[in-house]
Q: 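Input: one structure, supplied below.
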There are 2 protein chains.
Amino acid sequence: MGGNTPSRRIRADAERSTARILEAAETVLAEDANASLERIADAAGLARATVHRRFASRTALLDALAEQLSRRYLLGLAEARVETAPPLIALHRLTEIVFDLKLSHRFAVQLSAAITPAVLDGLDLLFARLRDTGAITAVDPAWCRRVYLALLHEVHDLPADSTTLASSATGDETEAKVDLLVRTALGALGGSHDATTALSLT
Amino acid sequence: MGGNTPSRRIRADAERSTARILEAAETVLAEDANASLERIADAAGLARATVHRRFASRTALLDALAEQLSRRYLLGLAEARVETAPPLIALHRLTEIVFDLKLSHRFAVQLSAAITPAVLDGLDLLFARLRDTGAITAVDPAWCRRVYLALLHEVHDLPADSTTLASSATGDETEAKVDLLVRTALGALGGSHDATTALSLT
DNA sequence: CATAACTGAAACACCACTGCCTCATTTCGT
DNA sequence: ACGAAATGAGGCAGTGGTGTTTCAGTTATG
């Protein structure tokens, strides 16, 4: 899938267009999931025909969007060292990373196709390790995953002036959100609040 | 809004059609939020033209759906005695009620228009009272609301065979879900697990 | 029963979107 | 600078949904 077919060389031009379309699609679809391809083309500064040239159909574009996000998820899981790092640290790091993804992938994130089995496995592993160390008590990894992702979504589009974010007075909004999410998720999954606050010293 | 305009009497006939359309709309839209009015009409056993007669536009139909649910929400808040009952009890009762609503209003539930200011106020009051009694520590009522509703959604469409639901061996699936939600929500909002399990004795 | 209201069926105009095509023009790669 | 590839602009057909109208037939209600 990742190889180049030498029979038809793909010009750097076209590849830039593809990238711009994906980016524009993400932006536009975040506001209106049913936005037309024309609106996406406009946002990308390209003609509608070009969108059709790069992506055979609307579905193909959506698939590409999901696949792109899936790859970034996997990268994030690896970057957070989900398999090796102390689970609480990994959770914190992963949350930061996924938060950045959500900023630029508000729409694609809600594509179920983006959460591939591999991504799923990574998350499940993390929660299993969290439970082994006693950070949480919930046993069902699927349940943990759902709660985490649901809360992630809520924290993400929390108004910046929310009093809830004022807890960590660092002024860094993103960090405050990450802290809030980790604390909330651990609490929801039956973690003691001691273990939760212990991480705040990181 | 509730009065009848005597200038044009509304036949009982028509009112039945309206009800059937709303019911069919809920059923059909639960599966496909973008379903056409024709599919709704078919499900209702009526002609498409009739749908247009009872509801001026698609938007009008959706509004009616949201308004219907909003009214039931208010009824639920009252029935749960959110203002007077011990907050933990009220939360438990309210959760049961909203769960039933979700079963029959899978679609409308995701209409933001269904959560009117009045519904909002009721929820906020409940969470304020929960905090006063120490059941939770989160202060921002808006935050509490969001977390509660998000978790509600997750618990609701949890597969019946989930190991997470096996905790209360009563065999009653709904009750198990309600327990899980209350426990999870309180934990997420910073409640001690003591207060949470104390309710299980109800 | 007589009237007014309601319904089903069918047609119609309208609109938005998709997907495809062509052709002149621009841009890239070598 | 040359040829291949990509693009913009525009048109065109097909699809599917919405909203309206007409008219004949049915049903409620006083």
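The chains referred to below are lettered A, B, ... by the order of the sequence lines, with proteins before strands, and numbering in each begins at 1.
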Q: Regarding C/dG19, can its base be found pairing with the side chain of A/Arg48 as donor and acceptor, where the two atoms are less than 3.5 Å apart?
A: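 Answer is yes: a donor-acceptor pair is held.
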Q: Choose from D/dA6, D/dG8, C/dG19 the nucleotide whose nearest atom is closest to any side-chain atom of A/Asp13.
A: D/dA6
Q: Sorted by first residue and then second, give each side-chain hydrogen bond (donor to acceptor under 3.5 Å, both in side chains) pair with at least one member in residues 123-133 of chain A; sequence neighbours left out.
A: A/Asp124-A/Arg145
Q: With nearest nucleotides of DNA chain D determined for B/Arg58 and A/Ala47 from heavy-atom distances, which residue corresponds to the more 5′ nucleotide?
A: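 Residue closer to the 5' terminus by nearest nucleotide: A/Ala47.
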Q: Produce a footprint string for nucleotides 21-26 of chain C: one letter per nucleotide, 5' end first; B if the base is under 4.0 Å from any protein heavy atom, S if only the sugar-phosphate is, - if neither.
A: -B----
Q: For B/Thr59, what residues pass the side-chain contact (heavy atoms from CB on, under 4.5 Å) criterion, not counting sequence neighbours?
A: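 B/Thr59 satisfies side-chain contact (heavy atoms from CB on, under 4.5 Å) with B/Ser57, B/Asp63 once adjacent residues are dropped.
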Q: Measure the distance from CG on B/Leu46 to P on C/dA9 and round it to the nearest whole Å.
A: 10 Å
Q: Please enumerate all residues that pass salt bridge (Lys or Arg N to Asp or Glu O under 4.0 Å) together with A/Glu154, with sequence neighbours excluded.
A: B/Arg146
Q: Does the pair B/Thr116 and B/Glu67 meet the rule for a side chain to side chain contact (heavy atoms under 4.5 Å, CB included), with working shown?
A: CA-CA 9 Å; B/Thr116 57; B/Glu67 201 240 330; over 6 Å; no
Q: Tell me every residue that passes side-chain contact (heavy atoms from CB on, under 4.5 Å) with B/Ser36, counting only those two or more places apart in sequence or in another chain.
A: B/Glu38, B/Arg39
Q: In degrees, rounded to 10°, what is the bend between the two ends of the helix from C/dC1-D/dG30 to C/dT30-D/dA1, using five pairs at each?
A: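 Inter-axis angle at the ends, rounded: 40°.
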Q: Under the ring-ring contact (aromatic ring centres under 6.0 Å, His included) rule, what pairs show up with a residue in residues 116-138 of chain B, not counting sequence neighbours?
A: B/Phe127-B/Tyr148
Q: Just N and O in the side chain of A/Ser57: are any of them under 4.0 Å from OP1 or OP2 of C/dT18?
A: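 No, no such contact exists.
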Q: Can you list, pair by pair, the side-chain donor-acceptor contacts under 3.5 Å of residues 40-52 of chain A, counting residues two or more places apart and other chains?
A:
{"residue": "A/Thr50", "atom": "OG1", "partner": "A/Arg53", "partner atom": "NH1", "Å": "3.4"}

Q: Counting only non-hydrogen atoms, which of residues 14-41 of chain B are less than 4.0 Å from DNA chain D?
A: B/Arg16, B/Ser36, B/Leu37
Q: Ion pair present between A/Arg11 and A/Glu15, side-chain N to carboxylate O less than 4.0 angstrom?
A: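 Between A/Glu15 and A/Arg11 there is no salt bridge, as every charged N stays at least 4.0 Å from the carboxylate O atoms.
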Q: Could you list the residues that satisfy side-chain contact (heavy atoms from CB on, under 4.5 Å) with A/Ala30, not counting sequence neighbours?
A: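 Counting only residues at least two positions away or on another chain, A/Ala30 forms a side-chain contact (heavy atoms from CB on, under 4.5 Å) with A/Glu26, A/Arg106, A/Phe107.
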Q: List the residues meeting salt bridge (Lys or Arg N to Asp or Glu O under 4.0 Å) with B/Lys102, not counting sequence neighbours, and say none if there are none.
A: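 Per chain and number, B/Lys102 pairs via salt bridge (Lys or Arg N to Asp or Glu O under 4.0 Å) with no residue.
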Q: Specify the separation, in whole Å, of atom NE2 of B/His52 and atom P of C/dG8.
A: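 The distance from NE2 of B/His52 to P of C/dG8 comes to 13 Å, rounded to the nearest Å.
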Q: Restricting to side-chain contact (heavy atoms from CB on, under 4.5 Å), what partner residues turn up for B/Arg72, sequence neighbours left out?
A: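 Result, side-chain contact (heavy atoms from CB on, under 4.5 Å) vs B/Arg72: B/Gln68, B/Leu101, B/His105.
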